[in-house]
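Reviewing the structure listed below.
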Amino acid sequence: MYVCVCLAVTEQEVEAAIAGGAHTRTSVTAACRAGGDCGACHQMIEDMVEDHLEACAPPCEQSGPIPTGPQLVAAEALVRTRAA
């Protein structure tokens, strides 16, 4: 399928540019010419970049419950001092 009909750039060419490090529409255009003419494909290119980055992002993991409210210090960590 063509992503950029004006310049006859295919989906595979755009995907190769993105996989090669082109992570903005402008850098994709520089890498493979897609989006360098009328601009009708700009949104499709941006969507492809976003999909690629989401697929490569590590999943979010939580190590425990999300803390709420003020952070409390354990009683063992407190040091008492005498007032002078």
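For the single chain, residues carry numbers from 1 onward in sequence order. In what follows, every heavy atom counts, from backbone to side chain, and hydrogens, waters and symmetry copies are set aside.
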**Request:** Output yes when a side-chain donor or acceptor of His42 lies under 3.5 Å from a complementary backbone atom of Gly35, and no otherwise.
**Result:** yes
**Complete:** Minimal heavy-atom distance between Ala34 and Thr29, with the atoms involved, is O-OG1, 2.7 Å
**Fill in**
Across all chains, not counting sequence neighbours, the side-chain hydrogen bond (donor to acceptor under 3.5 Å, both in side chains) partners of Thr24 are Ser27
**Complete:** Connected to Tyr2, directly or through other members, by ILVMFWY side-chain contacts below 4.5 Å are Val5
**Request:** Report the distance from atom CD1 of Ile45 to atom CD1 of Ile18, rounding to the nearest 0.5 Å.
**Result:** 8.0 Å
**Request:** Kindly give the heavy-atom pair with the smallest separation between Met48 and Val3, and that separation in Å.
**Result:** SD-CG2, 3.9 Å
**Item:** Close side-chain approach of Thr10 to Met1, heavy-atom, < 4.5 Å
**Value:** no
**Request:** Kindly indicate whether the side chain of Glu15, heavy atoms from C-beta on, has any atom under 4.5 Å from the side chain of His52.
**Result:** no
**Fill in**
Exactly one of Asp37, Val14, Val28 clears side chain to side chain contact (heavy atoms under 4.5 Å, CB included) with Val9, and that residue is Val14
**Asked** Rounded to the nearest 0.5 Å, how far does CD of Gln12 lie from SG of Cys32?
**Response** 11.5 Å
**Message:** Nearest 0.5 Å, please: how far is CD in Glu11 from SG in Cys4?
**Reply:** 13.5 Å
**Item:** Residues forming a side-chain hydrogen bond (donor to acceptor under 3.5 Å, both in side chains) with Gln43, sequence neighbours excluded
**Value:** Asp47
